[in-house]
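Order of the sequence lines sets the chain letters (A, B, ...), proteins ahead of strands, with each chain counted from 1.
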Amino acid sequence: MNFDDYDPLQGKRLQVLDPEGCADPELLPDFDDDTLRLIFRWMLAARLLDGTCLTLQREGRMGTYPPVEGQEGCQVGSALALGTGDWVVPSFRELAVALVRGVQMEKTLLFWMGHEEGSRLPRELRYLPIAIPVGSHTLHAAGLAMGLRYRGEKGAVLCYFGDGATSEGDFHEALTFAGVYKAPAIFFCQNNAWAISVPRKIQCAASSLAAKGVGYGIPSIQIDGNDPFAAYVATTAALERARAGEGPSFIEAITYRLGPHTTSDDPGRYRSSDEVERMRPLEPLVRYRLFLKERNLWSETWEEQISSEIRDWIAEGVRKAESLPAPGPHDIFDHMYAELPPHLARQKADLLDGLKEE
Amino acid sequence: MASLNLVEAINLALREEMERDGDVLLLGEDVGREGGVFRVTEGLQQTFGEERVMDTPLAESGIVGVAFGLSLLGLRPVAEIQFMGFLPPTLDQIICHVGRIRNRSRGVYSAPLVIRVPYGGGIHAPEHHSESTEAILVHIPGIKVVVPSTPADACGLLKSAIRDPDPVLFLEPKRIYRAIKEEVAQAMEPIPLGRARRVRAGAHLTMVAWGAMVREAQKAADILAEEGVEAEIIDPRTLSPLDTEAILASVRRTGRCLVVHEAARTAGLGAEISALVMEEALLHLKAPVARVTGFDTVMPLPKGEHLYMPEPSRIVRAARKMMRF
Ligand SMILES: Cc1ncc(C[n+]2csc(CCOP(=O)(O)OP(=O)(O)O)c2C)c(N)n1
Ligand SMILES: [Mg+2]
């Protein structure tokens, strides 16, 4: 696959797997049956975990949570293209990416439960903590990628963000830097049609967001974001360019946020349920099931069986997250500096004294 | 008169100002169709149209920079920044342009804009949704900083902010957005900026608190009253320019000054008020000025938030210590 064949300015878009479950044999990666099923398994795991998070939130066991439903395809496809030396710089809705990249499930749960330990991810994972300030982290991806190039390391950096993020100044500066310094970065935009209540057309007057990448001299492509194969193929091509020293790429994955922006959001205020119902048949699991079925790789029993395995796994993750004690009073001070400065030591002592008195 | 909470009172002020003056425009993320993530601008786009209530692209620096441009024409933009945690990108515009234009153009231009920002902790919100960084803003020359603590104050102060010839940062304590209801008159008169309000009278101790901390100070004052300590509470309402006379008059009467803020301690507004009292009321003091504040740490995530927030128990402890001094 060549980015040049999919000029976003000509309205071209890469699709490998269509909504009916038919894959383009020319473009379909050479996956064995196990891998084909694994892709489904990851998407299903994210879907089920997403549902668990919604339940936990409703039961008061988790805080505000941003659901991923509908975006599992491009997340799983892109993340599976990565190698061990590659980095991920996520925003806040990359539940499926985190699972595929081996971020312990309880970490993501803890973050949304409001526990600081949710952001303690071991360096070896090469997976930065969730970034809530929209677009801010795209620059970190550029910097990390510049650093990898400087160090002569082989890895590349895959950075995720939304359609809304492409309006932030930081995003434009990130593309500027990455382009100028030929940084091995992949900017992966999940255009899910909405930024809370603001529709895509209010983010930018350009006909595609991929056009923004073009403007910065970065090879850019639009893909079907509900097609895990398209995400895999595009990310693989971008990684090859990055590893060959050819610099950054931009991928705009056209997907759809089926759920609310977060559990605090009521999408009924700004979008019709008709729209959501129109988009539902296009979501990734629907087409992927059809695809597997066609190849005799799917049955209801099989899905039930893996669902039950996944549910056990999720239960274990929830148990681990909930069994971690809440951070103690020392916790808010001890990680502020390499060495606790005197004024903070005093504040910490004051807090501890006060709590003793109570 | 209707009984309104803070959200409804701010909405009323916006509505009445927009009716009064066609130059008042609203802009921000999700303020239009959705009516704001906290529903503060609910119904305003329906009433005044998309040209006057603009859902903007997701770009904070853009929102404030554009509001500044609009204001140069004499329009009265009211921009919303969704959470104080997302204010930092706008500081470039605020520091380098908004606060400077009157002075550097020698009064030829001014920036009569308002930036509304929900702020503060205590609502178990995710990371970056609980900041209280008002001291950073107070430190910026050329802008005013206003913080209401009741619905009526919110309505009256916002009207003044919109009519003010200079830029105003209007900080909304979201923790009490829906916690308090109060009678708010239709078409109420604006409340002048720069004037404090005495929330509670008392002879032994002055507490200075604003935003959501006023309620915490009130709870502390109730506990202290049972112990025979009468605390006076002064809510400055405008943090810049500060009503120094109101604070000093109270401290001269009580001889004790306790400042409560949820913002970090070092170089917080408590330090400024303490310096003020030292400079102007030292000989009236019966105890050193005291501060109950947040810590010089990152705002903890929800599970650690209660450790950070100045709670009534911490305020009471500090007050008792002052009384024993
Ligand atoms: C700098 C900043 N401004 C505002 C917000 C509040 N906010 C959180 S997510 C969001 C919309 C993001 O839209 P998009 O980039 O399309 O990502 P999506 O939520 O659709 O995944 C907004 C406005 C924020 N987190 N950061
Ligand atoms: Mg989006």
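- Residues of residues 322-331 of chain A lying within less than 4.5 angstrom of chain B, judged on heavy atoms, are A:Ala326, A:Pro327, A:Gly328, A:Pro329 in numerical order.
- Of all residues spanning residues 50-68 of chain A, those with a heavy atom less than 4.5 Å away from chain B's heavy atoms are A:Thr64, arranged by number.
- Residue B:His306: no heavy atom, backbone or side chain, is found under 4.5 Å from chain A.
- Interface summary for chain B: among A:Ile196, A:Val198, A:Asp265, A:Ile202, the most heavy-atom pairs under 4.5 angstrom belong to A:Ile196.
- For the pair A:Gly114 and B:Leu301, the tightest heavy-atom approach, listed with the atom from each and the gap, is O-CB, 3.3 Å.
- Heavy-atom neighbours of A:Arg200 CZ from other residues, nucleotides or ligands within 6.0 Å: above the threshold of 12.
- Screening residues 55-69 of chain B for side-chain hydrogen bond (donor to acceptor under 3.5 Å, both in side chains) gives no qualifying pairs among residues at least two apart or on separate chains.
- Interatomic distance, CZ of A:Arg346 versus CZ of B:Phe295, reported as 13.0 Å (0.5 Å rounding).
- Taking the side-chain contact (heavy atoms from CB on, under 4.5 Å) definition, one finds that A:Ser136 meets it with A:Pro133, A:Asp170, sequence neighbours left out.
- Within a 6.0 Å sphere centred on CZ of A:Phe177, other residues, nucleotides and ligands contribute 12 heavy atoms or fewer.
- With contacts defined as side-chain heavy-atom distances shorter than 4.5 Å, the pair B:Asp30/A:Tyr270 does not qualify.
- Counted within 6.0 Å of CD on B:Glu227, heavy atoms from surrounding residues, nucleotides or ligands total more than 12; the atom is thus considered enclosed.
- In terms of heavy-atom pairs under 4.5 angstrom with chain A, the leader among B:His129, B:Met299, B:Arg33, B:His124 is B:Arg33.
- No other option in A:Ile332, A:Thr166, A:Asp350, A:Val134 has as many heavy-atom pairs under 4.5 Å with chain B as A:Ile332.
- A:Gln203 contributes a side-chain N or O that, together with a main-chain N or O of B:Leu58, makes up a donor-acceptor pair within less than 3.5 Å.
- Neither the backbone nor the side chain of A:His261 comes within contact range of chain B, judged by heavy atoms closer than 4.5 Å.
- Taken from CD in A:Glu116 to NZ in B:Lys303, the straight-line distance is 11.0 Å, to the nearest 0.5 Å.
- Applying the 6.0 Å contact sphere to CD of B:Glu50 captures no more than 12 heavy atoms from other residues, nucleotides or ligands.
- How far OG of A:Ser119 is from CD of B:Glu127: 5.5 Å, rounded to the nearest 0.5 Å.
- When each of B:Asp296, B:Val298, B:Thr266, B:Leu307 is checked for heavy-atom pairs under 4.5 Å with chain A, B:Asp296 comes out on top.
- Residues A:Arg269 and B:Glu42 meet the side-chain proximity criterion, which asks for heavy atoms closer than 4.5 Å.
- Counted within 6.0 Å of NE2 on B:His139, heavy atoms from surrounding residues, nucleotides or ligands total 12 or fewer; the atom is thus considered open.
- Residues B:Arg39 and A:Asp266 are in side-chain contact: their nearest non-hydrogen atoms beyond the backbone lie under 4.5 Å apart.
- Using a 4.5 Å cut-off between heavy atoms, B:Glu311 makes no contact with chain A at all.
- Ion pair A:Arg271/B:Glu34 not flagged as a salt bridge, since none of the NZ, NE, NH1 or NH2 atoms sits closer than 4.0 Å to an Asp/Glu carboxylate oxygen.
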